[in-house]
Amino acid sequence: MGELDRDVARLLRNRYPEGLERWTADMVMRWDFRESDHSLAPGVRRELAALAAAMPEAGGERLSSYHRLFLDQSFVELTRRLDDVLLEGNMFAAAARPKGGGERGNLVIGRSFFADLGLDVEPDRLVTIVHPDGKYPFASVGWAGLMGVVTGINARGIFVALDPTRTDDALEEGVPLPLILRQILEDADTLEQALEILQAAPARTSGAVLVGDGRQRRAAVVELARDRDDRKPRGDDQALVWATNHMLRESFERDAQNDRIRRFTSSGYRYDRLGELLAEAPVDPARAVAILRDRKGLGGSELGLGNRNAVDNLHLTHAVVVDATAMVMWVGEGPSALGRFRAIDLRHALGRRQERPAPLDDFPADRLLHSEEYSDYKEALEALGHARGLLARGLPEQALASASVALALAPDVGELHRLLGDIERELGDLAAARRHYERYLELVPGRLRDQERVRGLLEELRE
């Protein structure tokens, strides 16, 4: 938790470098979340208090441990105050019928989540098995400090996953979405019960939620927004359903924020690419792993390693495949979706009996992981960091040399082109600066604040 706190603090310092700007952001955050824990059920507040008491290292200079842990559950709302999109996700569910007809196949779900804390930061993956008293046991995939759920499945085969979205609706009092998803896992026995909980949930902000039922072999996506009464699920009568970070329902067609996310971040592109991949072949667990590892663009075009438009941008926070009917979960060990996907027998992990788990096969690491191409990519990121430090120290010539090495190793890293634009501008080569800035805009959708700054620089260079 301490490492994750430091990474987030560094991100905020980079986003708000000026003291007054940082102080204003802090005050706005405090105002947004004043007395917000009053919306939580008493049992949830007691659990937060117990965790805070047991983990004093979660405390900060200005916030109590309890306050910090509450904000950990509210990360979706916190990131809405940033212009940049820091949280992205991909999720899909498939239960295809065999060619001869008959019952649907097993419900297979693929899920990946991305928290943009910097190219050199990849939070530890945490698989938590919870056996709450009087409720259904569940497994959750997340990170340290997350009491709620962004990806999880319970002992009855009910799966949930959350993709953060943005709408024009104002923040209101309510329950953080990860805690609502946890309630589903603890209480829901069927897809219908899970959907009822979502229909009635006093959600604090918007989000797209994938709900699956392994026994019924059905899944649906519910698009939530606090001020919208229409929460009709989509896809519950279809063999395939998927979502990224924008809403598709008619009631969101004129929502400016939702349209901005669809068109100016990677969400719309990734949604279309998932549609292509899911249509290519039946989805079994091996196929689901391959989809989560996809690094190509629409129509199979080449994007280059680390591209934010790719399903696997090489910096995923976690990647998970679940056979919700057979009750097996595979969790990627990292980095991103490249490492081995380790199998977990959910019947054993979530059962009350102490029998041995079934012998299950893992999915091996992607070939890219041990390739020269990936080694070059990692070396390029190191050179990028070195060049950034040199430029900050007022050494643009040396920074250009280091950045040029990175460019030769990995020519399609968006942040590298942003840095090269800054270096060339400092050195007076305005034509080269324009070329790099324009390439940055092509490669890095999602960082809306940075994109606006780069567009402003381009306008200055054209004058």
Side-chain angles (χ1 to χ4, degrees), residues 11 13-18 20-22 24-25 81-86 88 116 118-119 166 245-246 256-270 272 297-299 301-310 313 315 377 380-381 383-463:
L11 171 73
R13 284 195 301 271
N14 291 336
R15 290 293 186 273
Y16 300 104
E18 301 296 332
L20 179 60
E21 187 181 18
R22 194 182 312 161
T24 302
R81 282 293 180 185
L82 296 173
D83 293 331
D84 293 349
V85 174
L86 302 183
E88 296 178 329
D116 183 11
L119 290 175
R166 294 191 185 186
N245 297 96
H246 63 281
Q257 281 277 33
N258 183 60
D259 184 63
R260 186 180 183 220
I261 296 301
R262 179 182 64 82
R263 294 192 297 126
F264 295 111
T265 76
S266 67
S267 183
Y269 195 97
R270 286 182 287 112
D272 293 340
L298 291 174
S301 60
E302 294 294 333
L303 292 179
L305 294 185
N307 194 297
R308 288 281 289 269
N309 279 318
N313 60 21
H315 296 278
Y377 174 75
L381 296 187
L384 167 61
H386 181 61
R388 186 176 284 134
L390 289 171
L391 183 62
R393 287 158 47 195
L395 302 171
E397 292 88 358
Q398 293 91 325
L400 179 60
S402 184
S404 297
V405 171
L407 186 66
L409 292 168
D412 295 316
V413 177
E415 288 81 357
L416 174 58
H417 287 277
R418 167 76 184 275
L419 178 64
L420 279 164
D422 293 341
I423 294 171
E424 297 288 12
R425 184 165 59 93
E426 184 75 16
L427 293 173
D429 191 341
L430 303 187
R434 283 196 298 270
R435 288 196 302 272
H436 287 299
Y437 284 145
E438 288 166 354
R439 185 60 176 150
Y440 169 83
L441 294 176
E442 294 174 358
L443 291 170
V444 188
R447 289 196 171 178
L448 303 179
R449 189 185 197 205
D450 287 348
Q451 284 193 332
E452 289 168 0
R453 288 176 173 173
V454 170
R455 288 192 180 95
L457 291 171
L458 281 170
E459 289 298 321
E460 292 179 10
L461 293 176
R462 293 188 182 105
E463 293 177 357

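None of these values were measured; they are calculated from a predicted model.
- Under the side chain to side chain contact (heavy atoms under 4.5 Å, CB included) criterion, Ala433 pairs with Glu424, Arg425, Tyr437, Leu461, not counting sequence neighbours.
- We find the OG1-CZ distance between Thr265 and Arg166 to be 9.0 Å, quoted to the nearest 0.5 Å.
- Side-chain contact between Leu443 and Leu303: absent, with no pair of heavy atoms (C-beta onward) separated by less than 4.5 Å.
- A 4.5 Å side-chain heavy-atom check between Leu391 and Leu419 finds at least one atom pair inside the cut-off.
- A salt bridge links Arg260 and Glu452; the closest N-O separation between the charged side-chain nitrogens and carboxylate oxygens is under 4.0 Å.
- Atoms OH and NE2, from Tyr440 and His417 in turn, are 12.0 Å apart once rounded to the nearest 0.5 Å.
- Ala403 pairs by the side chain to side chain contact (heavy atoms under 4.5 Å, CB included) definition with Ala387, Leu416, Leu420, Ile423, not counting sequence neighbours.
- Judged by distance alone, the side chain of Ser402 and the main-chain N or O of Ala383 form a donor-acceptor pair under 3.5 Å.
- The side chain to side chain contact (heavy atoms under 4.5 Å, CB included) check on His315 picks up Phe114, Leu119, Asn313, Tyr377, Leu381, with sequence neighbours excluded.
- With salt bridges taken as basic N to acidic carboxylate O contacts below 4.0 Å, one links Arg308 and Glu88.
- With sequence neighbours left out, the side-chain hydrogen bond (donor to acceptor under 3.5 Å, both in side chains) criterion links Arg263 to Asp259.
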### Message
Walk me through whether Asn309 and Arg270 qualify under side chain to side chain contact (heavy atoms under 4.5 Å, CB included).
### Response
CA-CA 6 Å; Asn309 279 318; Arg270 286 182 287 112; 5.6 Å; no
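- Side-chain N/O atoms of His246 and Ser267 include a donor and acceptor closer than 3.5 Å.
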Using a 3.5 Å cut-off and no angle test, enumerate the donor-acceptor pairs between side-chain atoms of residues 393-401 and protein atoms at least two apart in sequence or in another chain.
none

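- In this structure, CG in Asn307 is found 11.0 Å from CD in Glu302, a value given to the nearest 0.5 Å.
- Remark: Leu441 CG to Arg418 CZ distance equals 9.5 Å, nearest 0.5 Å.
- Residues Arg262 and Asn245 have side chains that never bring a donor and an acceptor to within less than 3.5 angstrom of each other.
- The stretch residues 435-444 participates, sequence neighbours left out, in these salt bridge (charged side-chain N to carboxylate O under 4.0 Å, His left out) pairs: Asp412-Arg439, Glu438-Arg462, Arg439-Glu442.
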